[in-house]
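I'd like to ask some things about the structure below.
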Protein chains: 2
Amino acid sequence: MAEARNVDTRERILDAAERLFMAHGYEGTSMRQITGEASVNLAAVNYHFGSKESLMQEVFRRRLDWLNEERMRVLDAYEKEAGGIALKPSQIVDGFFGTLLRMADDETHGGMTFLRLLGRTLTEPSEFIRTFLAHEYKPVMERYKEALFRALPEVPKAEIVWRFHFMLGATSYAIAGTDALRLVTDWQIEEEDSTDRLDRLVPRLMSFLLGGLRAPLPQYDPSAVNPK
Amino acid sequence: MAEARNVDTRERILDAAERLFMAHGYEGTSMRQITGEASVNLAAVNYHFGSKESLMQEVFRRRLDWLNEERMRVLDAYEKEAGGIALKPSQIVDGFFGTLLRMADDETHGGMTFLRLLGRTLTEPSEFIRTFLAHEYKPVMERYKEALFRALPEVPKAEIVWRFHFMLGATSYAIAGTDALRLVTDWQIEEEDSTDRLDRLVPRLMSFLLGGLRAPLPQYDPSAVNPK
DNA sequence: GTCTATATCATGATAGAC
DNA sequence: GTCTATCATGATATAGAC
């Protein structure tokens with residue numbers, strides 16, 4: 001309790017930064033906004049994190065460490081259950097993308113705010129962010145790719161890698177959610193209230209991802225369709 | 001020919017801005033970088049476009065006007081060919097996403113640079129950009145949504161809207177391409193040279209999108225899987 | 001239309017008192 | 001650990017000469 005104030009300062013900065021980076025992007029957020037929102041002194045960021053870049057990395061590390069451990073844990077459980085035979089694609093997709101989406105319900109791990117930040121940042125232009133994320137993601141990515149290779153031995157590996165990539169994109173937009181959905185429709189997705197929304201989104205996205213993952217392989221045909 | 005210099009200045013600014021916004025994002029690009037790269041005076045941007053925001057909008061309008069007309073044209077052609085009966089989902093997906101991807105080969109309309117800028121900007125946090133894009137996209141979106149509703153009458157409309165959204169996400173990542181693909185894999189996608197790459201990417205993405213679009217409908221089941 | 005010069009302000013970072 | 005004060009830089013935008 002004696003040191004509670006210090007912990008609070010650090011955490012408050014991280015929380016404010018998470019929310020502001022989500023809302024305005026990395027370049028679009030200033031340290032003055034962050035420290036203002038966190039009600040701490042401007043110099044506190046540099047004292048606790050050293051720089052704005054390091055702060056950004058810490059915002060992600062705090063959440064991704066937990067997420068990726070959880071993903072490993074889920075895959076371990078499925079594999080133990082399967083006892084040596086290859087997993088079903090639906091289990092692998094659930095372990096990776098389902099675990100991610102279920103974070104949205106978990107406010108102690110950032111909830112929807114972090115998810116949307118992550119979804120947006122995956123297309124973020126800043127080089128140092130992409131490099132950092134690629135590094136953070138690497139081990140869990142390798143495990144899941146291997147699981148997919150085993151689950152779909154008849155599909156060329158390059159095809160699986162691309163489809164994983166496509167799934168990341170679809171999920172990223174699914175998370176960005178209602179905001180970006182304005183591109184597609186004006187309707188407020190009327191039917192559902194917000195607590196219900198995630199419960200419906202998860203199976204929705206899962207169906208889509210699995211449909212794409214298991215789609216018939218493309219035949220490479222240089223004479224494309226496009227009518228005059 | 002007498003006015004060629006002026007036209008050149010405007011176009012050179014737009015070209016430079018397109019490339020730099022693609023590489024560093026809107027907030028991450030300064031007008032000094034833009035005018036430097038275009039070899040024009042710093043004041044030229046404000047003279048020709050009024051502000052940085054207006055410049056950004058003009059960068060998009062220049063390409064999107066053409067793209068969306070092309071999309072309308074392709075859908076018209078398919079519908080004329082079909083003579084009153086509903087189109088196939090594959091035709092609609094080709095008209096919207098195929099037309100987009102085929103821009104990449106067309107350097108006169110921005111080619112890969114604009115495509116990647118577009119893919120990244122769809123998740124851009126800046127409010128004014130998203131508002132502008134939603135407005136620019138609206139008519140063509142409505143046409144394509146209607147076409148999908150007719151093509152898939154047994155699928156609830158809300159489901160189609162979400163799947164359209166997921167398809168946008170997958171396509172966005174497909175475009176961002178090799179850069180963002182570093183998240184998934186280290187390999188240089190070795191097999192293919194760059195001219196070949198797009199010819200393979202289009203059928204690849206089309207298969208994935210159609211698989212997702214036509215996937216079995218999710219059943220809404222609150223008791224999800226996630227093993228302990 | 002194009003340029004130089006500059007106004008005005010916000011940025012990230014740090015030094016040094018407490 | 002926290003604060004104030006400040007630095008050096010770079011941002012957008014504009015006024016006014018040519």
query = Of the candidate nucleotides dT2(C), dT12(D), dT11(C), which contains the atom at the shortest distance from the side chain of Lys52(B)?
reply = dT12(D)

request  = Verify the distance criterion only: is there a donor paired with an acceptor across the side chains of Tyr78(B) and Asp94(B) at less than 3.5 Å?
outcome  = yes

message = Please determine whether any donor N or O and acceptor N or O are separated by less than 3.5 Å between the side chain of Arg32(B) and the base of dA11(D).
response = yes

Rounded interatomic separation in angstrom, taking CD from Glu27(B) and C1' from dG10(D) = 15 Å

inquiry  = Could you check whether Glu18(A) pairs with Arg62(A) (Lys NZ or Arg NE/NH1/NH2 to Asp/Glu carboxylate O, under 4.0 Å)?
reply    = yes

query = Any side-chain N or O of Thr9(A) less than 4.0 Å from the OP1 or OP2 oxygen of dG1(D)?
reply = no

task = Report the distance from atom CD1 of Ile13(B) to atom C1' of dT2(C), rounded to the nearest whole Å.
result = 11 Å

request  = Ignoring the backbone of Met31(B), work out which of dT11(C), dT12(D), dA13(C) is nearest its side chain.
outcome  = dT12(D)

message = Quick check on DNA chain C: between Tyr47(A) and Leu42(B), whose nearest nucleotide comes earlier from the 5' end?
response = Leu42(B)

ask   = Is there a salt bridge (Lys or Arg N to Asp or Glu O under 4.0 Å) between Glu37(B) and Arg12(B) once you walk through the steps?
value = CA-CA 9 Å; Glu37(B) 172 121 346; Arg12(B) 282 218 309 282; over 6 Å; no

message = Which is more 5' along DNA chain D, the nucleotide nearest Val40(A) or the one nearest Glu53(B)? Just name the residue.
response = Val40(A)

query = Tell me: CZ of Arg10(A) to P of dT2(D), nearest whole Å?
reply = 12 Å

inquiry  = In whole Å, I'd like the distance from the CZ atom of Phe128(A) to the P atom of dG12(C).
reply    = 12 Å

ask   = Could you give the CD1-to-P distance, from Ile34(A) to dA13(C), as a whole number of Å?
value = 10 Å

remark   = Closest to the side chain of Ala43(B), out of dC3(D), dA11(D), dC3(C), is dC3(C)

task = Quickly work out the Asn46(A) CG to dT4(D) P distance and round it to whole Å.
result = 16 Å

request  = Take Arg143(A) and Asp76(A) through the salt bridge (Lys or Arg N to Asp or Glu O under 4.0 Å) test and state the conclusion after the steps.
outcome  = CA-CA 10 Å; Arg143(A) 277 264 337 251; Asp76(A) 286 341; 3.0 Å; yes

task = Would you check if there is a donor-acceptor pair between the side chains of Thr131(A) and Glu127(A) at a distance under 3.5 Å?
result = yes

Nucleotide dT11(C), atom C1' - distance to OH of Tyr26(A) in whole Å = 12 Å

inquiry  = Measuring from the side chain of Asn41(A) (C-beta onward, heavy atoms only), which nucleotide among dC3(D), dA13(C), dT4(C) has the closest atom?
reply    = dC3(D)

key: Separation of atom CZ in Arg12(A) from atom P in dT2(D), rounded to whole Å   = 9 Å

query = Closest to the His48(A) side chain: dT2(D), dA13(D), dT2(C)?
reply = dT2(D)

query = Using a cut-off of 4.0 Å on non-hydrogen atoms, how would the nucleic acid contact of Thr29(B) be classed: base, sugar-phosphate, or nothing?
reply = sugar-phosphate

OP1 or OP2 of dG10(D) under 4.0 Å from side-chain N/O of Ser30(B) = no

